[in-house]
Amino acid sequence: MEKYETLEIVQTDPNSSVFHLYLNRPSRRNALSLQFFIEFPKALSFLDQNPTANVIVLSGAGDHFCSGIDLNNLNSTSEKSRSADRGRAAERLRREIKAMQEAITAIERCRKPVIASIHGACIGGGIDIVTACDIRYCTADALFSVKEVDLAITADLGTLQRLPAIVGYGTAMELALTGRRFSGTEAQRMGLVSQVFGSKKQLGEAVNVIAKDIGAKSPLAVIGTKAVLLRSKEVNLEQGLDYVATWNAGMLISDDLEEAVAAQIQKRKPTFAKL
Ligand SMILES: CC/C=C\C=C\CC(=O)SCCNC(=O)CCNC(=O)[C@H](O)C(C)(C)COP(=O)(O)OP(=O)(O)OC[C@H]1O[C@@H](n2cnc3c(N)ncnc32)[C@H](O)[C@@H]1OP(=O)(O)O
């Protein structure tokens with residue numbers, strides 16, 4: 001398995017198509033360092049290309065999911081931009097922000113579904129990450145905050161673009177302007193997470209079951225569902241329908257359809273080839 005400073009990839013069961021990706025700086029509460037922004041897209045690309053991996057579960061090591069951007073890096077970023085010609089410094093900072101955005105968008109670029117399993121704090125950059133994930137679950141006592149406004153930052157890694165589509169425009173505006181903390185239970189009420197669980201252990205067990213279930217489905221149908229749903233956010237109904245028609249014209253000829261129908265008729269579990 002690939003080795004990283006800020007992440008860890010674990011395949012708990014060698015026969016499983018579920019891979020766990022951990023934010024792995026527990027002593028810093030999984031704060032997002034510059035190294036994280038280099039490693040995260042690499043790890044997702046590795047999992048995307050790994051034919052054994054059908055589903056990715058993203059969690060935080062230790063007591064929290066993620067404490068947001070590493071505050072030490074934030075200082076050095078603004079320090080650097082003060083030291084050069086203002087125009088050049090601004091242009092460099094713009095590039096750096098765009099590279100960090102790309103690192104988060106790598107979740108969407110990964111063809112396989114990424115499930116966020118959130119416990120403890122999920123703050124600032126943590127929200128950027130989970131709003132890019134395909135499914136979100138958390139513990140009831142998880143603690144969320146779109147914290148950027150309190151650090152004099154306009155959130156710039158995706159929350160302001162993705163959160164309104166998940167929780168609605170008004171709620172997204174309220175959360176982003178106040179930076180207030182809210183619990184896992186409230187996150188479920190507003191639709192940010194699909195389900196809450198009583199403890200980290202229950203969360204882990206339930207997410208494993210859900211991930212295994214998705215991982216046992218036709219990998220082509222699963223990546224197709226992610227691709228078509230993501231595309232539907234960007235295009236109108238007619239374009240979306242056209243896209244899925246073209247997609248399925250390419251994919252319905254696979255063996256998976258035959259196997260899924262045969263398994264249904266024979267009342268057995270289907271088996272599908274790797275991607
Ligand atoms: C270009 C800009 C791009 C992106 C911008 C994103 C903006 C954001 O992400 S805004 C959010 C920034 N994050 C925060 O404000 C959260 C700060 N942390 C906390 O509130 C708490 O640490 C906690 C997550 C609620 C966890 O509390 P607790 O379990 O009590 O741990 P602590 O004792 O507070 O922390 C232990 C240790 O970790 C260090 N640490 C925590 N968070 C960060 C962080 N974000 N960056 C750097 N370091 C962090 C904390 O300082 C402690 O260090 P010690 O040396 O052990 O004291």
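In each ligand, atom 1 is the first atom listed, and ligand 1 is the first ligand listed. Predicted model, so just to flag it, every value in this text is computed and none were measured.
For the pair Met190 and Leu175, the minimum side-chain heavy-atom distance is below 4.5 Å. Residues Val130 and Val193 have side chains not in contact (no heavy-atom distance under 4.5 Å, counting atoms from C-beta outward). Looking at heavy atoms from C-beta onward, Thr105 lies in side-chain contact with Glu108 at the 4.5 angstrom threshold. Looking at Val222 and Pro113, their side chains come closer than 4.5 Å, going by heavy atoms from C-beta outward. With a 4.5 Å cut-off on side-chain heavy atoms, Thr131 and Cys133 do not count as touching. Inter-residue side-chain proximity for Trp247 and Leu220 is flagged as unmet; no heavy-atom pair is nearer than 4.5 Å. Using a 4.5 Å cut-off on side-chain heavy atoms (C-beta onward), Val261 and Leu257 make contact.
Any N or O atom pair closer than 3.5 Å counts here, and Lys147 shares no such pair with ligand 1. Here's the thing with Ser67: one of its N/O atoms is less than 3.5 angstrom from an N/O atom of ligand 1. For Ala121, no nitrogen or oxygen atom sits less than 3.5 Å from a nitrogen or oxygen atom of ligand 1, counting backbone and side chain alike. For a threshold of 3.5 Å applied to N or O pairs, the pair formed by Ile153 and ligand 1 contains no separation below that value. Between Glu148 and ligand 1, no N or O atom pair is found at a separation short of 3.5 Å. Checked against a 3.5 angstrom limit, the closest N/O atoms of Ala31 and ligand 1 fall outside it.
Here Ser145 has no heavy atoms under 4.0 Å from ligand 1, in either its backbone or its side chain. If you look at Asp63 next to ligand 1, there are no close heavy atoms at all, none under 4.0 Å. If you look at Leu143 next to ligand 1, there are no close heavy atoms at all, none under 4.0 Å. Contact annotation: for Asp156 versus ligand 1, heavy atoms closer than 4.0 Å belong to the side chain alone.
Residue Gly125 approaches ligand 1 through these ligand atoms, each under 4.0 Å from one of its heavy atoms: 8 (C), 9 (O). Those atoms of ligand 1 with a heavy atom of Arg28 less than 4.0 angstrom away are 38 (O), 39 (C), 40 (N), 41 (C), 42 (N), 43 (C), 48 (N), 49 (C), 53 (O), 54 (P), 55 (O), 56 (O). For ligand 1, the atoms sitting less than 4.0 Å from at least one non-hydrogen atom of Asp70 are 46 (N), 47 (C), numbered in the order shown with element in parentheses. Here is the list of ligand 1 atoms found below 4.0 Å of a heavy atom in Gly68: 9 (O).
In this structure, of His64, Arg29, Arg181, the residue bringing a heavy atom nearest to atom 20 (O) of ligand 1 is Arg181. By heavy-atom distance, the residue among Leu93, Leu74, Ile123, Asn73 lying nearest atom 11 (C) of ligand 1 is Ile123.
Using a 4.0 Å heavy-atom cutoff, Gly120 is absent from the residues neighbouring ligand 1.
With hydrogens and angles ignored, the 3.5 Å screen pairs a side-chain donor or acceptor of Asp48 with a backbone N or O of Arg111.
In terms of hydrophobic clustering, with Ile, Leu, Val, Met, Phe, Trp and Tyr side chains grouped at heavy-atom distances under 4.5 Å, Tyr22 and Val114 are assigned to different clusters.
Under 4.0 Å is where a charged nitrogen must lie from a carboxylate oxygen, and between Lys98 and Glu102 no such pair does.
The residue from Glu39, Gln35, Arg25 that alone fulfils the side-chain hydrogen bond (donor to acceptor under 3.5 Å, both in side chains) condition with Thr6 is Glu39.
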